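Whatever order the structure lists them in is the order used to number ligands and atoms, beginning at 1. Computation of the quantities below employed the complete heavy-atom set of this structure, encompassing side-chain atoms and omitting hydrogens, waters and symmetry-equivalent molecules. This is a predicted model, so every value here is computed, not measured.
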Amino acid sequence: MASDSTGVSADDALRRLLSGDKRFVAGKSEEPHGAALVERRHALAKDQKPFAVIVSCSDSRVPPELVFDVSLGDLFVVRTAGEVVDAVALGSIEYAVEHLGTRLIVVMGHQRCGAVSAAVSGATETGDIPDVLKAISPAIEETKGQSGDRIDNAVRANARDIAKRLQNAGPIIAPLVKTGEVKIVAAYYSLDTGQVELLK
Ligand SMILES: [Zn+2]
């Protein structure tokens with residue numbers, strides 16, 4: 001059932017994303033719109049080969065296709081508040097790797113993330129919101145007492161933690177990470193500048 005890779009390596013995919021972000025930052029986005037976008041929609045109607053998986057926050061200001069200046073069919077996107085990865089989100093990522101052949105996974109946190117801010121402040125929430133905050137809490141613990149901005153430190157730690165966890169995840173992703181075929185990177189998006197920074 002597994003499909004071949006998309007033909008775009010993890011390194012090439014990352015280069016493509018970062019150069020797209022550069023255009024976005026500069027206000028020089030090139031992706032098709034109007035008739036060209038309709039044409040692309042038709043071309044993709046029966047198949048998709050997204051070259052990257054983006055795991056990012058649901059925040060309305062961080063839409064990956066715009067940030068990376070790409071179009072229909074380019075990104076397989078999983079978005080939750082605080083880019084929290086639960087079992088269903090993980091299964092979605094695994095689907096892209098196993099069946100669509102995507103070789104790069106980017107876990108992207110962002111500046112002034114509301115979910116991380118709520119977790120830092122220890123806010124009391126109802127419904128299922130506490131589940132989101134609980135998932136972010138290890139990053140809060142980890143960065144307690146660090147110098148600098150508490151929320152920003154936690155945002156970065158949260159993205160790094162999720163990326164690290166994905167590297168060892170399950171029977172699909174972990175073996176491909178080991179062979180170097182799949183790469184997982186953590187990233188930070190600046191709301192102020194539009195720039196995506198890779199986290200070490
Ligand atoms: Zn957020």
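For Arg165, there are no side-chain hydrogen bond (donor to acceptor under 3.5 Å, both in side chains) partners two or more places apart in sequence or in a different chain. In this view, Lys144 and Glu141 satisfy the side-chain hydrogen bond (donor to acceptor under 3.5 Å, both in side chains) rule, not counting sequence neighbours. Applying the side-chain contact (heavy atoms from CB on, under 4.5 Å) rule to Asp128 yields the partners Asp131; only residues at least two apart in sequence or on another chain are considered.
Counting non-hydrogen atoms of neighbouring residues, nucleotides and ligands closer than 6.0 angstrom, the CD atom of Glu39 reaches no more than 12 such neighbours.
Under 2.8 Å from the Zn ion (ligand 1), one finds the following protein N/O/S atoms: Cys57 SG, His110 NE2, Cys113 SG.
Of all heavy-atom pairs between Asp149 and Asp152, the closest is OD2-N, 2.7 Å.
With hydrogens and angles left out, the side-chain atoms of Asp21 and Tyr189 include no donor and acceptor closer than 3.5 Å.
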